[in-house]
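Everything on this sheet refers to the single structure shown next.
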Amino acid sequence: MSEAGDRRWHYRRSLASRVALLTTIVVGLSVASVSAATFAVVRQQLQSSMDASLLNRAHKAAVGGAIAEITAVPSWVIGAADVRIAVIYADKQPRYSLDDGPSFRVGGPELAVANGSRETVVRTVRASDGTRWRVVTVQAGEDQALMLAQSLEPQDRVLRNLGSVTLLFFLLGVLAAGIAGWQVARHGLRPVRRLTASVEDIARTEDLTPLPVEGADELARLSAAFNRMLTALSASRDRQRQLVADAGHELRTPLTSLRTNLDLLSQAEGGELAIPAAARAELLADVRAQIEEMTTLIGDLVELARDEPLREAVVEEVDIGEVLDRALARVKRRAPLLAFDVTSSPWIVHGEESSLERAFTNLLDNAAKWSPPGGIVTVALHDGVLTVDDQGPGISPQDLPHIFDRFYRSAESRTMPGSGLGLSIVRQIAERHSGSVVAGASPSGGARLVLRLPGSRVELGVPGR
């Protein structure tokens, strides 16, 4: 199975099964390590105990000096009934005691002890019948050595029994770990399953009611984060519904007026109604005005619907001083009776040029709409701060917190053209460019709107504030 296939198999398993499997593996490895260590320690202790006993017996037997007589009696006579005893001569084969038992092939280490080259030798050898024996050889006088051999069968039997018990303990431990891990995973993940069910229910019913949050653990933090997401989603849906409702309300008036005017014109064309030429011209002008108003409103709605951040493809370095010049030229054509006092300095902003021009135009149009004929609109652009002052009546304190809301229109503005979306678009464009816009009072008593955009100076490339 490939590595990608292994990952797919892993993620096809449930979280509870993965937790249970991981718990089983960890416990199994722990039990296996403890069992292996226990087996090794017991084996080493048994071997060391046997070696010490054999060496102690061999030294005591060799001290007596009557080595030749040892082989003439059975081992039990000298208190060594569980071992085989042999005397090894440097130039002869070993001579065993009278006990029946297997013989051993004498090797170089035992002969080295007999000729005095080594003092003792302890090793495991196989006898003539294939059994394993632990053999100890010590010096026992000139050119001779005493060899004691004890069978390893009792020790091997003990180790086999220990191994069987250890294996059984390992299997039971793994089984118990698997069961315990599964139960812990099921009960521990129960809150996760409840949260999953709640989220699935929200996705199915679209009911954005916040989830209950209990405790302060990671799951509670996840639930709280999900609730914040639900709150933001609910607010976005409410704004969308409000936008649709407000747009429908704003479109209803020009559509009704447009339909009425078109009905009158169609009746006049059919001869059903006689309309003077001046009235006909007035109706056509009204139709054009309504169409322009609807076009502007639809354009504003499209702009407000763009909640996504600026895409990299449309972001470029924009000199907003040049953008301001183009916006001023457009507004001057629409407001020929006003004077514009303008001071500006170059300022580079990373953003969308068409959106910035739209924001500047809306600010200037707002000032032109409220300024009296012959009035002066003061415009200043320095270090990325655009300030627009008009000589109108100003903004009342009750209207000031709402002038950037969608479709908000003060009582005085309801008799004037507009949809109440212009300043909302300015705020949205400012936020998309990491800037801000605020409203206040100008020194002349009118309204002051201040738009701030981060950027850099053209001359020195100094980062903006």
(message) With no hydrogens and no angle check, just 3.5 Å: does a side-chain donor-acceptor pair link R134 and T124?
(response)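 Per modelled atom types, R134 and T124 side chains form a pair under 3.5 Å.
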(request) Using distance alone, with no hydrogens and no angle criterion, decide if S198 and D201 have a side-chain donor and acceptor under 3.5 Å apart. (result)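 Checked: S198/D201 side chains show no N/O donor-acceptor pair below 3.5 Å.
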Where do [X] and [Y] come nearest, in terms of heavy atoms and distance?
X    : Y    : value
A447 : S442 : O-CB, 3.8 Å
V199 : F226 : CG2-CZ, 3.6 Å
A367 : V388 : CB-CG1, 3.6 Å
V437 : A430 : N-CB, 4.5 Å
H433 : S355 : CE1-CB, 4.3 Å
L423 : F404 : O-CD2, 3.4 Å

(message) Under the side-chain contact (heavy atoms from CB on, under 4.5 Å) test against L363, which residue among T387, L386, D390 passes?
(response)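 For L363, the side-chain contact (heavy atoms from CB on, under 4.5 Å) test succeeds with only one of T387, L386, D390, which is L386.
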Name each donor-acceptor pair under 3.5 Å that joins a side chain in residues 36-46 to protein atoms two or more places apart or in another chain, with its distance.
residue, atom, partner, partner atom, Å
T38, OG1, V34, O, 2.8
Q44, NE2, S48, OG, 3.3

(message) With a 4.0 Å cut-off on N to O distance, would you call E357 and R326 a salt bridge?
(response)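 Yes, E357 and R326 are salt-bridged.
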Using residues 164-185 as the side-chain source, report each donor-acceptor pair under 3.5 Å to any protein atom, sequence neighbours left out, with the distance given to one decimal.
residue, atom, partner, partner atom, Å
S164, OG, R160, O, 3.0
T166, OG1, L162, O, 2.7

(message) Between D319 and W347 (side chain of the first, backbone of the second, donor and acceptor by atom type, cut-off under 3.5 Å), is there such a pair?
(response)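 At least one qualifying donor-acceptor pair exists.
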(message) For the OG1 atom of T361 and the CG atom of L328, what is their distance to the nearest 0.5 Å?
(response)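 If we round to the nearest 0.5 Å, T361:OG1 and L328:CG are 8.5 Å apart.
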(request) Calculate, to the nearest 0.5 Å, the distance between atoms CD1 and CZ belonging to I429 and F360 respectively. (result)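 These two atoms lie 9.5 Å from each other.
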(request) Not counting sequence neighbours, which residues clear salt bridge (charged side-chain N to carboxylate O under 4.0 Å, His left out) with D325? List them please. (result)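 Testing D325 for salt bridge (charged side-chain N to carboxylate O under 4.0 Å, His left out), a comparison that skips the adjacent residues, returns none.
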